Amino acid sequence: MIPFLLPLAAQAGTVEPASFLLPPAATEYAKQTDFTWNFILITDVVFFIILMGMMILFAVKYKQRQEGEKTDPTKGSHLLEAIWAVVPSILLLVFFALGFQGWINQAVPPADSLDVRVTGQKWSWTYEYGNGIKTFANLKAGTQDQYEGEGLVVPAGKPIRLTMSSQDVIHSFYVPDFRIKKDVLASRYTVQWFNALEPGEHQVYCTEYCGTAHSRMMSRIKVLSAADYSAWLDKNTPNENEAPEVKGQKLFAANACGSCHSIDGSKLVGPSLKGKYGTIETLEGGATAQIDDTYIRESILMPAAKVVAGYAPSMPAFQGRLSDDEINNLIAYIKTLQ
Amino acid sequence: MSSTSLDAAASGHGEESNYLNAHPGIGSWLTTLDHKRIGVMYLITILTFFLAGGLLALAVRAELFTAKGDLFTPDTYNKLFTLHGAIMVFLVLVPAIPASIGNIVMPLMLGAKDVAFPRLNLASYYIYVFGALFMVYTLVSGGLDTGWTFYTPYSSSHSNSSVTSALLGAFILGFSSILTGVNFMVTVHKMRAPGLTWTRMPLFIWALYSTSLIQILATPVVAITLFLLTFERTVGIGIFDPALGGDPVLFEHFFWFYSHPVVYVMVLPAFGVISETVAINSRKHIFGYNAIALSSVAIAAIGFLVWGHHLFISGQSELAGSIFSLITMGVAVPTAIKVISWIMTLWRGSIRYNTVMMYTLGFLWIFTIGGLTGLPLATLNTDVHLHDTYFVVAHFHYVMMGGVLFALICAMHHWWPLITGKMFNENIAKPVFWLVFLSYNATFLPQFVAGSRGMPRRYHEYLPEFEIWHKASTIGAMLFGLGLFLILFYLVASLLKGAKAPKNPWNGLSLEWQTSCPPPEHNFAGQPICKKGPYEFPETLSA
């Protein structure tokens with residue numbers, strides 16, 4: 001149990017397994033939230049039983065036996081109303097105080113937090129560590145729980161501060177197991193933090209409606225032990241000497257291009273990229289275009305400029321989101337898709 | 001119908017002459033200034049849109065029957081839930097009780113011939129229809145996929161759907177709402193019968209009065225906001241879109257400054273209905289008249305200061321969030337007082353179990369759940385977890401849809417004899433109540449569980465672990481839809497072959513029952529005079 005109105009307990013506990021109403025609680029903060037939840041839940045149940053018990057009791061006991069029978073002349077009771085105003089008020093203040101306590105704990109990330117930048121865009125999440133590591137986890141097309149990419153990889157027992165922004169519309173970064181959620185905006189940075197108790201995997205959802213693939217804008221958090229995390233860091237230090245098409249393949253995955261463009265010829269929201277390089281396509285409106293480096297570059301930066309016939313202009317623009325180098329690497333990768 | 005009655009001389013009207021048959025022909029309806037006829041036109045129009053919004057809801061539930069998005073495309077699903085919400089909020093719930101039932105009953109309750117401004121009343125109706133046509137245009141011209149909340153910059157710069165026509169529709173509907181509010185307020189102030197003091201006013205009138213206050217004060221804010229958004233979308237002036245230098249959180253503040261109080265526009269009239277039906281069917285004075293009347297006003301006032309609880313996770317400051325949480329707790333107190341007052345009205349009463357009373361008790365059950373589940377949403381850290389999950393969806397359906405709809409059904413049954421002059425079949429209505437009540441709970445209780453377990457809202461497909469809750473909810477929703485169709489069926493049947501309503505079938509004391517059912521064109525044969533309060537039933541008088 002969490003002591004009332006005290007800072008969070010030391011990060012030494014274990015994950016609380018899921019209950020009937022709640023997902024697992026994988027941080028001390030989550031357990032604190034659950035304490036508030038349980039307190040309100042018990043109060044709610046007690047009041048529900050009192051109110052509905054009275055209603056059902058009266059409804060049965062005072063059922064009309066015959067028309068015109070006498071009823072009680074009472075018009076009200078100031079005493080009862082006063083009690084009924086004061087007692088709930090006190091309970092409501094306790095709810096507020098419990099909620100406020102957790103709110104303040106979430107508002108102030110610990111000073112020794114590890115920083116990760118989170119970027120939301122239609123319809124994927126990317127994580128940047130500041131040392132060149134950039135990760136993601138995107139749902140594989142046609143599945144609901146298979147991911148491409150490792151997702152947000154963090155060590156257990158270390159506070160992680162997420163500084164978040166959006167490339168387009170409002171998104172919201174929600175981790176049920178940590179009981180944290182915050183909107184992700186294009187106009188400012190928003191911050192939230194967590195300190196995972198044990199190694200494990202946790203679900204991430206986008207909870208601010210953001211258009212077509214909102215319900216597939218899920219991701220994963222992978223919590224590793226401190227030792228595993230440090231090994232992971234060593235392994236993933238970016239290698240500048242990789243071939244352009246290999247870098248391009250990673251960019252293709254990191255930017256979730258595959259959620260609309262297949263590489264095996266199947267038709268998704270956008271045209272498949274298999275065997276397209278060098279061909280001539282008919283555009284919306286009847287004109288034609290050669291699929292070359294110039295066309296690919298333009299279609300990444302300004303997707304609505306030349307849309308292939310039969311497809312809606314629904315691709316987001318990547319202007320300002322990919323560097324020239326990154327676009328070159330992507331083109332190199334698309335060339336290999338024969 | 002024959003109009004040769006011996007009673008004609010006494011009343012100044014033929015006994016059979018009433019507002020329904022006083023003037024024949026559809027033209028006399030479309031140009032009527034009679035508040036009762038305008039109310040009936042509102043009721044029919046609103047119920048038509050309720051049918052449309054309800055069918056959209058069933059389509060949403062059908063998609064969610066399985067975890068995979070296998071029935072509609074994601075874009076179609078997004079349009080379905082958006083149009084469901086937009087139609088239900090702007091076209092159904094806001095005008096549901098005040099503009100239809102309120103319009104019919106309020107002047108009668110006040111002992112007045114009509115509302116203060118009958119022409120304005122008809123104008124409100126046509127403005128409503130005009131705004132509704134924009135919504136219908138939106139529906140057939142590519143739909144709307146922004147969510148009913150129109151959050152920017154998605155609505156202003158990203159959506160390819162008919163956002164502009166929907167914004168204009170909601171903008172126009174706002175004027176209808178404002179004008180009805182003005183009309184009702186003036187009517188309450190100036191048109192009360194002799195003897196009908198403020199403390200003798202039926203609580204339904206107090207509720208409508210509080211509602212009108214919110215409509216007049218809050219609606220202009222959303223009108224301006226939607227107008228600014230229309231400008232941003234069509235002309236590209238940056239107000240809310242960060243890409244144009246705007247602030248999307250500003251939109252959220254503007255939007256909820258209206259849209260939170262509007263929840264009370266929906267639910268306060270429902271409170272008013274329940275105050276009437278619980279007292280009249282318990283044959284007992286309402287418990288705590290002043291407390292109920294003043295709590296309506298208190299809710300209307302405090303309701304303006306709590307919009308920020310929709311923005312706890314939006315990036316608004318922690319201090320603002322804390323203050324909004326604290327004030328939100330304050331709204332719970334007057335609401336709790338109302339609930340205990342209704343329940344205490346049952347105490348030592350003589351409870352009549354007609355259909356109206358069953359919906360009244362059903363309302364109390366549903367609204368109590370709706371109210372209590374609001375508490376973890378008002379509390380800061382639990383809301384962070386529950387925000388934008390199915391817990392919120394279930395909560396606001398319990399309050400808005402359950403609360404308002406059960407009260408509307410209750411009101412339609414209660415005043416059905418007055419409005420139509422016919423009695424509906426109680427023996428069919430009572431079993432249908434149980435179907436409606438049980439299927440309603442089967443629809444929305446599972447959504448609380450899915451939500452607190454972390455199921456996000458507005459998801460076209462979802463993780464298989466939530467499937468069982470969605471399946472239960474979908475089955476409940478289909479049965480609920482069936483129940484509502486059955487209500488429509490027996491009410492229409494009563495028009496065709498229901499028994500003729502006697503005068504004052506429920507033995508009410510408020511003035512609307514002191515005229516015939518249905519009332520004559522000008523409501524009362526002479527000037528009614530109010531001699532005592534509406535809840536001083538003869539049964540309560542000591543021997």
Side-chain angles (χ1 to χ4, degrees), chain A residues 21-23 33 36-37 40 44 47-48 51-52 54-55 58-59 62-64 68-73 75-76 81 84-85 88-89 92 95-96 98-100 102-103 106-107 144-145 168-170 172 174 176 179-183 185-188 190 205 207-215, chain B residues 67 74-75 147 151 153-154 158 242 247-248 283-285 287-289 291 313-315 318 322 325-326 329 332-333 336-337 339-340 343 346-352 361 364-365 368 372 375-376 379-382 384-385 387-388 449 452-454 456 458-464 539-540 542:
Chain A
L21 289 174
L22 293 171
T33 305
T36 313
W37 163 269
I40 298 175
D44 270 2
F47 271 77
F48 185 76
L51 287 169
M52 291 300 103
M54 282 166 70
M55 180 179 94
F58 296 164
Y62 303 115
K63 183 177 173 8
Q64 189 171 78
E69 67 193 353
K70 289 271 173 278
T71 58
D72 193 275
K75 293 184 179 179
E81 278 153 21
W84 195 251
S89 294
L92 289 165
F95 295 166
F96 170 77
L98 285 170
F100 183 69
W103 182 247
Q106 180 53 227
Q144 288 173 301
D145 50 4
D168 37 53
V169 299
I170 305 177
S172 193
Y174 175 36
R179 313 287 189 269
I180 61 169
K181 180 187 292 132
K182 197 124 192 185
D183 282 1
L185 304 153
S187 54
R188 61 177 84 171
T190 51
Y205 297 102
T207 45
E208 189 64 69
Y209 170 69
C210 57
T212 308
H214 168 56
S215 61
Chain B
D75 285 329
Y151 270 20
Y154 187 81
H158 291 261
D247 183 355
R283 310 308 302 158
K284 194 168 158 271
H285 198 283
F287 190 91
Y289 175 94
I313 64 147
S314 71
E318 273 77 15
S322 309
S325 171
L326 194 55
M329 298 294 179
V333 176
I337 287 179
V339 173
I340 196 74
I343 290 174
L346 302 172
W347 175 70
R348 291 193 184 173
S350 167
I351 299 166
R352 190 163 61 189
L361 298 179
L364 288 175
W365 173 278
T368 302
L372 291 172
L375 297 173
T379 304
L380 289 158
N381 60 353
T382 43
V384 170
H385 173 58
H387 188 96
D388 274 337
V449 184
S452 66
R453 289 178 165 212
R458 295 177 170 176
Y459 264 36
H460 166 243
E461 53 183 283
Y462 54 87
L463 294 185
E539 288 90 335
T540 61
S542 41

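Predicted model, so just to flag it, every value in this text is computed and none were measured. Here is the naming used below: chain letters follow the sequence lines, and residue numbers restart at 1 for every chain.
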If we only count heavy atoms from C-beta on, is the B:Pro248 to A:Ser187 side-chain gap below 4.5 Å?
yes
Relative to chain A, which of B:Ile337, B:Val449, B:Val339, B:Val384 shows the most heavy atom pairs under 4.5 Å?
B:Val384
Which heavy atom of A:Phe96 sits nearest to which heavy atom of B:Met329, and what is that distance?
N-CE, 3.9 Å
Please enumerate all residues that pass side chain to side chain contact (heavy atoms under 4.5 Å, CB included) together with A:Thr190, with sequence neighbours excluded.
A:Met164, A:Lys182, A:Leu185
One option among B:Ile343, B:Asp75, B:Thr368 has the most heavy-atom pairs under 4.5 Å with chain A, and it is B:Ile343
Considering all heavy atoms, the nearest B:Leu346-A:Phe58 contact:
CB-CB, 3.8 Å
With distance as the sole criterion, is a donor-acceptor pair present between the side chains of B:His385 and A:Tyr174 under 3.5 Å?
yes
Among A:Pro88, A:Ser172, A:Cys210, which residue has the highest count of heavy-atom pairs closer than 4.5 Å to chain B?
A:Cys210
B:Arg348 and A:Thr71, any side-chain heavy atoms less than 4.5 Å apart:
no
Would you call A:Glu69 and B:Glu539 a side-chain contact if the rule is heavy atoms closer than 4.5 Å?
no
In terms of heavy-atom pairs under 4.5 Å with chain B, which of A:Ile180, A:Ile40, A:Asp145 leads?
A:Ile40
Winner by heavy-atom pair count (cut-off under 4.5 Å) against chain B, out of A:Asp168, A:Thr36, A:Leu21:
A:Leu21
Output, in order, the C-alpha distance, side-chain angles, deciding distance and verdict of side chain to side chain contact (heavy atoms under 4.5 Å, CB included) for A:Thr207 and B:His387.
CA-CA 8 Å; A:Thr207 45; B:His387 188 96; over 6 Å; no
Taking A:Gly68's backbone N and O only, do any of them form a donor-acceptor pair with B:Arg283's side chain (distance below 3.5 Å, no angle check)?
no
Nearest 0.5 angstrom please: B:Tyr154 OH to A:Ile170 CD1, how far?
12.5 Å
Under the salt bridge (Lys or Arg N to Asp or Glu O under 4.0 Å) test, residues paired with A:Lys63 that sit two or more places apart
none
Let me see the working for B:Leu463 and A:Tyr205 under side chain to side chain contact (heavy atoms under 4.5 Å, CB included), right down to the final yes or no.
CA-CA 11 Å; B:Leu463 294 185; A:Tyr205 297 102; 3.2 Å; yes
Any chance you could lay out the side chain to side chain contact (heavy atoms under 4.5 Å, CB included) test for B:Arg458 and A:His214, step after step, and finish with the verdict?
CA-CA 8 Å; B:Arg458 295 177 170 176; A:His214 168 56; 4.2 Å; yes
What's the shortest heavy-atom distance between A:Trp84 and B:Ile340, and which atoms?
CD1-CG2, 3.2 Å
Yes or no on side chain to side chain contact (heavy atoms under 4.5 Å, CB included) for A:Gln144 and B:Glu461, after CA distance, side-chain angles and deciding distance?
CA-CA 8 Å; A:Gln144 288 173 301; B:Glu461 53 183 283; 3.6 Å; yes
Which pair of heavy atoms, one from A:Val169 and one from B:Pro153, lies closest together, and at what distance?
CA-CG, 3.8 Å
Considering non-hydrogen atoms only, spot the tightest contact between A:Asp44 and B:Leu372 and give its length.
OD2-O, 2.6 Å
Top contributor to chain B contacts, counting heavy-atom pairs under 4.5 Å, from A:Tyr62, A:Phe95, A:Phe48
A:Tyr62
Which atoms of A:Arg188 come close to chain B, meaning under 4.5 Å heavy atom to heavy atom: side chain ones, backbone ones, both, or neither?
side chain
Please tell me whether B:Tyr151 and A:Tyr209 form a close aromatic pair, meaning their ring centres lie under 6.0 Å apart.
no
With chain B as the partner, which of A:Met54, A:Lys75, A:Met52 has the greatest number of non-hydrogen pairs under 4.5 Å?
A:Lys75
From B:Leu361 CG over to A:Met55 CE, what is the distance, rounded to the nearest 0.5 angstrom?
5.0 Å
Nearest-0.5 Å distance, NZ of residue A:Lys70 to OG1 of residue B:Thr540
8.5 Å
Looking just at side-chain N and O atoms, do B:Ser350 and A:Gln64 make a donor-acceptor pair shorter than 3.5 Å?
yes
Which heavy atom of B:Ser452 sits nearest a heavy atom of A:Leu22, and at what distance?
O-CD2, 3.8 Å
Tell me, out of B:Ser325, B:Gly147, B:Pro464, B:Gly454, who's got the most heavy-atom pairs with chain A below 4.5 Å.
B:Gly454
Donor-acceptor pair, A:Trp37 side chain versus B:Pro376 backbone, under 3.5 Å?
no
Any side-chain heavy-atom pair from B:Leu375 and A:Leu92 closer than 4.5 angstrom?
yes
